[in-house]
Amino acid sequence: MSQLKVHNSLTRQKEVFEPIVPGYVGMYVCGPTVSGESHLGHARPFITFDIVYRYLLHLGYRVRYVRNITDAGHFEEEGREAEDKISKKAVIEKMEPMELVQKYTNLFHWAMQEFNNLPPSIEPTATGHIVEQIVMIEKIIADGYAYVANGSVYFDVEKYNTDFSAQGKPYGMLSGRVLEDMLETTRELDNQEEKRNKADFALWKNAPPEHIMRWQSPWGEGFPGWHIECSAMSNKYLGSQFDIHGGGMDLQFPHHECEIAQSTVCNHVTPARYWLHNNMITINGRKMGKSYNNVIKLSELFTGSHPLLEQAYHPMTIRFFILQTHYRSTLDFGNEALKAAEKGLKRLWEAYEALQKFDASGNNATGDAELDAKVRKLVEQFEEFMQDDFNTAKVLANMFELVPVINGIKDKHIADHALSAETLRYLQTQMKAFVEDIFGLKGENANNSDKLNGVMQLLINIRKEAKVKKDYMTSDKIRNELLALGIHLKDEKGGEMSYTLD
RNA sequence: GGUCCUGUGGCCGAGUGGCUAGGCAGAGCUCUGCAAAAGCUUCUACAGCGGUUCGAAUCCGCUCGGGACCUCCA
């Protein structure tokens with residue numbers, strides 16, 4: 001098999017993936033800020049890196065997947081006033097900050113489960129690692145790359161850039177920014193006067209009296225700067241250097257850039273070797289985000305309760321929708337596109353289920369060598385495409401080319417023995433591995449009860465009998481009334497029937 | 001203004017120097033008691049203008065359009 005190649009944002013090119021320790025992978029992905037409910041835009045990185053995680057597991061790696069929960073208060077700049085998101089909401093909703101954080105953490109976990117994302121190996125919280133963050137900040141100060149001002153601590157970007165450029169690690173190496181250019185920006189921001197330099201960023205912020213979330217530190221009561229938590233936690237659980245750091249492209253600058261600077265000062269090494277960034281979900285060509293006022297929350301998506309939605313969309317539809325695009329491309333949301341995904345997934349899933357029921361224990365004759373070879377090739381390419389920077393879109397395209405073959409065998413348009421038993425088994429195994437284990441798709445009928453199946457079987461039997469007697473009144477009544485309930489009965493070739501739920 | 005990305009058919013999207021993914025929608029046909037499903041066939045493409053090349057949608061340049069980020073929003 002070819003080697004796994006990933007697009008590394010650090011080098012801006014595809015590189016062969018080689019873990020630091022053979023057989024093991026350490027992966028850190030920036031998690032949610034639990035000051036509110038996640039929206040569709042947030043879903044993309046978590047699904048994207050769930051696929052990466054699952055694929056690495058498929059390749060046989062032992063993966064430690066760390067995804068943080070940001071539950072410490074950060075500042076949100078709204079209008080002219082900077083306020084703490086979590087503490088502000090907490091007052092409005094009359095909740096304890098940690099109560100609010102718990103509520104949204106639970107909601108986040110619920111959404112991840114709906115998407116069938118595997119839980120990460122470790123899900124550390126920022127509030128649970130205040131000590132580690134303080135220790136790290138102290139080290140940065142001791143090394144002379146940070147300074148204290150009025151109870152806050154700032155990272156000295158210019159000094160860092162000067163010293164580390166010499167080692168080929170200038171500030172801006174990840175996002176392609178040049179510090180000198182950035183210093184020329186004229187944009188005015190609040191609370192800049194404490195900083196020696198515009199480009200400096202906060203490691204620790206002095207907490208104003210109204211700030212609810214606060215911790216004692218060597219510099220007074222305050223709270224950690226936004227970037228330091230990821231550096232502290234990735235270092236703690238994955239070591240000074242680890243394999244993969246993931247997140248959305250919008251995090252590349254400044255967040256990941258600052259992480260690199262902080263960690264490099266402390267550990268003298270670039271924290272992650274491969275930086276993977278997924279692109280945004282857009283809506284009408286615009287990034288979905290709070291500041292654009294165009295967010296669709298996940299709960300709204302699943303229930304259809306948002307003015308932009310023409311219907312509810314199942315979490316698996318969203319997952320499939322995301323998989324149909326390469327993770328580094330933008331993905332434009334739209335009802336038409338979501339509906340297309342819904343139908344496409346249904347078609348794929350039904351063929352997949354039919355395939356798994358085929359009996360592959362038959363003889364080994366190959367009835368149609370050409371078709372057999374074509375199927376083999378399409379299946380072999382699953383891995384080839386994934387090895388090439390996780391190209392799920394191409395894998396799905398191949399799967400859809402296999403659908404008519406599967407349906408053809410099922411409906412007897414294609415002879416039973418057109419494919420050799422070996423090829424059929426290969427097809428079944430690989431489809432299972434990719435559809436379920438790697439893509440994490442699951443059937444919507446999976447949790448139908450035995451009782452429902454029993455009742456349906458009864459109705460199917462009655463309908464079959466009616467059809468034999470040419471009693472179409474009865475057979476149509478069963479089919480039509482079930483349809484009104486959202487259950488589709490389908491006559492299969494050979495007199496069998498199956499059903500699907502809306 | 002700076003840095004970077006992007007412009008593919010009705011919609012969503014792969015991809016690439018010549019063999020022109022895939023899904024959904026549309027059209028026709030087959031199967032079917034009817035329908036649905038399924039199968040087969042099929043129509044619309046690579047923003048515009050130049051250049052490189054035997055050949056470009058794919059490389060280069062320009063123009064136009066869209067987007068992300070630009071330090072305390074995570």
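Throughout, a chain's letter reflects where its sequence line sits, starting with A, and its residues are numbered from 1.
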K.L.:
Is Asp491(A) salt-bridged to Arg463(A), cutoff N-O under 4.0 Å?
P.N.:
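Yes.
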K.L.:
Report yes if a side-chain nitrogen or oxygen of Ser175(A) is closer than 4.0 Å to either non-bridging phosphate oxygen (OP1 or OP2) of C4(B); otherwise report no.
P.N.:
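For Ser175(A), the contact criterion (side-chain N or O under 4.0 Å from OP1 or OP2 of C4(B)) is not met.
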K.L.:
Please give, in whole Å, the distance from U30(B) P to Ile414(A) CD1?
P.N.:
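Atom-to-atom, Ile414(A) to U30(B), this comes out as 20 Å.
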K.L.:
Does some side-chain heavy atom of Trp215(A) sit less than 4.5 Å from a side-chain heavy atom of Trp204(A)?
P.N.:
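The answer is yes, as the side chains (C-beta and beyond) meet within the 4.5 Å cut-off.
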K.L.:
Do Asp476(A) and G33(B) have a side chain to base donor-acceptor pair shorter than 3.5 Å?
P.N.:
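Such a pair is found, so the answer is yes.
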K.L.:
To the nearest angstrom, how far is His413(A) atom NE2 from U32(B) atom P?
P.N.:
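Nearest whole value for this atom pair: 10 Å.
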K.L.:
Using whole Å, report how far CG of Asp389(A) lies from C1' of A14(B).
P.N.:
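Distance, rounded to whole Å: 13 Å.
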K.L.:
Which whole-number value in Å describes the distance from Lys346(A) NZ to G22(B) P?
P.N.:
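Going from NZ in Lys346(A) over to P in G22(B) covers 22 Å.
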K.L.:
Any salt bridge linking Glu310(A) with Lys339(A)? Criterion: basic side-chain nitrogen under 4.0 Å from a carboxylate oxygen.
P.N.:
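A salt bridge is present here (some side-chain N lies under 4.0 Å from a carboxylate O).
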K.L.:
Just checking Ser498(A): base, sugar-phosphate only, or nothing, at a heavy-atom cut-off of under 4.0 Å?
P.N.:
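Since no nucleic acid heavy atom lies under 4.0 Å of Ser498(A), the category is nothing.
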K.L.:
Base, sugar-phosphate alone, or nothing: which one does Lys467(A) contact when heavy atoms must sit under 4.0 Å apart?
P.N.:
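If one applies the 4.0 Å heavy-atom cut-off, Lys467(A) turns out to touch a base.
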K.L.:
Can you find a donor-acceptor N/O pair under 3.5 angstrom joining the side chain of Asp411(A) to the base of A37(B)?
P.N.:
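By the distance-only test, no, there is no pair.
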K.L.:
Among C34(B), C69(B), G39(B), find the nucleotide with the atom closest to the side chain of Arg463(A).
P.N.:
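Of the options given, the side chain of Arg463(A) lies nearest C34(B).
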K.L.:
What is the separation between atom CG on Leu483(A) and atom C1' on C34(B), rounded to the nearest whole Å?
P.N.:
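Answer to the nearest Å: 14 Å.
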K.L.:
Any base atoms under 4.0 Å from Asp332(A), or only sugar-phosphate, or nothing? Heavy atoms, all strands.
P.N.:
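Result for Asp332(A) = sugar-phosphate.
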K.L.:
Compare the minimum distances between each of G13(B), C40(B), A35(B) and the side chain of Thr325(A), then state the nucleotide with the smallest one.
P.N.:
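Closest of the options to the side chain of Thr325(A): G13(B).
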K.L.:
Would you tabulate the nitrogen or oxygen pairs shorter than 3.5 Å linking the protein to nucleotides 23-25 of chain B?
P.N.:
| residue | atom | partner | partner atom | Å |
| --- | --- | --- | --- | --- |
| G23(B) | O2' | Ala340(A) | O | 3.4 |
| A25(B) | OP1 | Lys343(A) | NZ | 2.9 |

K.L.:
Would you check if the distance from the ring center of Tyr145(A) to the ring center of Phe164(A) is below 6.0 Å?
P.N.:
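Close enough - the centres of the two rings lie under 6.0 Å apart.
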K.L.:
Is the shortest side-chain N/O distance from Arg286(A) to OP1 or OP2 of G67(B) below 4.0 Å?
P.N.:
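Answer yes for this pair, as a side-chain N or O of Arg286(A) is under 4.0 Å from OP1 or OP2.
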K.L.:
Would you tell me if any nitrogen or oxygen in the side chain of Asn391(A) comes within less than 4.0 Å of OP1 or OP2 on G15(B)?
P.N.:
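For G15(B), OP1/OP2 do have a side-chain N/O of Asn391(A) under 4.0 Å.
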K.L.:
Which whole-number value in Å describes the distance from Lys464(A) NZ to G33(B) C1'?
P.N.:
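Distance, rounded to whole Å: 18 Å.
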K.L.:
Check for me whether the distance between the ring centres of His227(A) and Phe201(A) falls short of 6.0 Å.
P.N.:
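Ring centroids of His227(A) and Phe201(A) are less than 6.0 Å from each other.
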K.L.:
Between Lys205(A) (NZ) and A74(B) (P), how many Å, whole number?
P.N.:
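Rounded to the whole Å, the gap is 12 Å.
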K.L.:
Do Glu257(A) and Ser175(A) have side-chain N/O donor and acceptor atoms under 3.5 Å apart?
P.N.:
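There is such a pair (donor and acceptor under 3.5 Å, judged by atom type) between the side chains of Glu257(A) and Ser175(A).
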K.L.:
Provide the Watson-Crick or G-U wobble partner of C59(B), both distances under 3.5 Å; none if there is no partner.
P.N.:
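WC or wobble partner is G51(B).
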K.L.:
Looking only at non-hydrogen atoms, find the nearest pair between Pro32(A) and Phe46(A) and report the distance.
P.N.:
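For Pro32(A) versus Phe46(A), the nearest heavy atoms are N-CZ, 3.8 Å.
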K.L.:
Whole Å only: how far is the CG atom of Leu355(A) from the P atom of A38(B)?
P.N.:
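Those two atoms, CG and P, are 16 Å apart.
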K.L.:
Charged N to carboxylate O under 4.0 angstrom, Lys14(A) versus Asp388(A)?
P.N.:
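The answer is yes: the pair qualifies as a salt bridge.
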K.L.:
Name the closest nucleotide to the Arg177(A) side chain, picking from A14(B), C12(B), G2(B).
P.N.:
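So the nucleotide nearest the side chain must be G2(B).
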K.L.:
Does a distance-only test, which skips hydrogens and angles, find a donor-acceptor pair under 3.5 Å between the side chain of Arg479(A) and the base of C34(B)?
P.N.:
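By the distance-only test, yes, there is a pair.
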